[in-house]
Amino acid sequence: MRFETLAIHAGLDIENPSKAIIPPISPSNIFEIDAEGRREGDLHYTRLGNPNRLQFEHLIATLEGGEEGAAFSSGIAAATATLQALKPGNHIIVPEDIYAGNRKMIKNIMMRWGLEADFIHMTQETVKQRIRPETRLIWIETPSNPLMRITDIRELSSLAHENNIKVIVDNTWPTPVNQLPLELGADLVLHSTSKYFGGHSDILGGAIVSKKNDEFFQQIRFTQRMGGAVPSPHDCWLLSRSTRTLSYRMKGHNEHAEEIAQFLSGHKNVSEVYYPGLESHPQYETAKKQMNGYGGMISFFIRGDGEDARKAVGKSKLIKRATSLGGVETTWEHRGSSEGEGSVSPPRLIRISVGLEHPEDLMEDLDQALGK
Ligand SMILES: *Cc1c(COP(=O)(O)O)cnc(C)c1O
């Protein structure tokens, strides 16, 4: 079956004995043990497994084309559990512009516990130079945040596998609608489901999908259950419900963002626009090769300085000032201010998450905020 169909039907028949078209929310945190002391499958205690979590995990694993999925209470919890599946002394290669929260987590938690990490501008050559015998994992985030750099997933995955290294791709921005890392050779996919999977700015969550149910994934599963950063049944239910419309929301985000990126490119107070769907993007060819659509995120430089960028963001009327992304409403932010200390965002950079409003309304608001 095709993606759109799977997004609507996958996971419905898991732990759903009443055959309800919309499986009920299962708030119970315990499940009955039979007279012989046996219990059914994974259902015992909700930290270990819950019907709504199993349904969502099956759904997201199906959409990414993996054997197994594990849902977490946030994207960062999913990232942390993945790194905790490694050992002290292991080494990872990470993009220098990795999502800022993950950078802080790696530096201030994982490295204190003995993980070694190189933060680099990722190309085939730079990665090759940093590979050591202890390297276990290469982290890819493409498009990257906030400069929308594109990394060739297929090329880096072959390099990694030649050296017995696993590859994880943070697929939060593109979603499986626009990019399928496991098909391109990656081993694992990470999501902050707080973004497009949730899609309505009302859920915090994360997930890991693994191509194979191997030992490494089993360790992540163990950390999910025993580390305990699991999502609530209600959040899992809401995520499954949101995911049913993911394909069509993403098509809308792609279409609107392409229009807004074109509009910004022609605006006299904008000097540069970073969007992988623009032919002017330095890695447009790689983006075209590995993406089915270019997503809803755009970064751009305003003419002037950091203060001008901050002021422009202050003038929007329809577009909301907020961090994060992936909602139906359009939001924007002066990224450097949001990232705070250690930010790698250039001061003139504004980041916009293009929502599903009519693009003409967005362009009118942008025009008045940026100055005609
Ligand atoms: C938001 C985000 C995360 C972190 O997810 P949370 O759900 O906020 O913990 C990780 N990676 C990317 C690319 C993100 O945008």
Side-chain angles (χ1 to χ4, degrees), residues 56 60 64 69-84 92 94-110 119 122 137 139-151 153 168-179 181 186 188-209 220 223-224 227-232 235-236 238-239 242-243 246 250 253 257 274 276 291 294-299 322-327 331-333 335 338-340 343-345 349 351-355:
F56 179 69
I60 192 168
E64 287 287 0
F72 291 84
S73 54
S74 70
I76 285 202
T80 305
T82 304
L83 297 178
Q84 285 172 331
I92 60 173
V94 182
E96 62 183 356
D97 52 356
I98 186 172
Y99 170 75
N102 281 336
R103 181 170 53 242
K104 290 177 199 169
M105 176 272 287
I106 293 169
K107 285 199 164 152
N108 299 304
I109 303 176
M110 300 314 302
F119 293 79
M122 274 201 176
L137 186 70
W139 193 290
I140 297 177
E141 195 177 314
T142 179
S144 77
N145 170 29
L147 283 175
M148 315 293 274
R149 285 185 184 137
I150 303 294
T151 305
I153 299 174
I168 184 165
V169 176
D170 186 335
N171 209 32
T172 298
W173 283 28
T175 80
V177 177
N178 288 334
Q179 181 169 281
L188 299 141
V189 163
L190 167 80
H191 275 285
S192 164
T193 53
S194 322
K195 316 295 168 52
Y196 290 109
F197 267 89
H200 298 73
S201 310
D202 54 9
I203 306 173
L204 197 70
I208 298 291
V209 175
I220 297 173
T223 305
Q224 176 201 32
V230 292
S232 70
D235 277 351
C236 292
L238 200 51
L239 268 173
S242 296
T243 304
L246 180 68
M250 288 317 294
H253 288 293
Y274 295 88
M291 300 181 81
Y294 303 106
M297 297 300 295
I298 306 170
S299 291
T323 192
S324 195
L325 59 124
T331 55
W332 69 345
E333 64 178 335
R335 187 65 192 159
S338 290
E339 289 185 351
S343 165
V344 294
S345 284
L349 185 142
R351 198 184 83 175
I352 177 163
S353 166
V354 179

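Indexing begins at 1, ligand by ligand and atom by atom, following the structure's order.
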Of the choices G206, S74, S192, which has the non-hydrogen atom that lies closest to atom 5 (O) of ligand 1?
-> S192
For F119, is the NZ or CZ atom of K104 found under 6.0 angstrom from the centre of its six-membered ring and inside 45 degrees of the ring axis?
-> no
Using a strict 4.0 Å cut-off to heavy atoms of E141, name the atoms of ligand 1 that fall inside it.
-> 13 (C)
I76, any N or O under 3.5 Å of ligand 1 N or O = yes
Does the side chain of T323 come under 3.5 Å of the side chain of E333 through a donor N or O and an acceptor N or O?
-> yes
Nearest heavy atoms of S144 and D97, plus distance in Å = OG-OD2, 2.7 Å
Atom 1 (C) of ligand 1 has as its nearest protein heavy atom K195 NZ, 1.4 Å
What do the steps show when you test I98 against D170 for side-chain contact (heavy atoms from CB on, under 4.5 Å), and what is the final call?
-> CA-CA 9 Å; I98 186 172; D170 186 335; over 6 Å; no
Give the residue, atom name and distance (to 0.1 Å) of the protein heavy atom nearest atom 6 (P) of ligand 1.
-> G75 N, 3.4 Å
Within 4.0 Å of some non-hydrogen atom of W173, the atoms of ligand 1 are 13 (C), 15 (O)
Using side chain to side chain contact (heavy atoms under 4.5 Å, CB included) as the criterion, point out the one residue from I208, L246, T193 that pairs with I60.
-> T193
Distance in Å, N145 CG paired with N102 CG, rounded so as to fall on 0.5 Å steps | 10.5 Å
Looking at G205, which atoms of ligand 1 are within less than 4.0 Å of one of its heavy atoms?
-> 7 (O)
Contact region, D170 to ligand 1, non-hydrogen atoms below 4.0 Å, reads side chain
For atom 4 (C) of ligand 1, find the nearest protein heavy atom and state the residue, atom name and distance (0.1 Å precision).
-> Y99 CE2, 3.4 Å
Would you say Q179 and I153 make side-chain contact, with heavy atoms under 4.5 Å?
-> yes
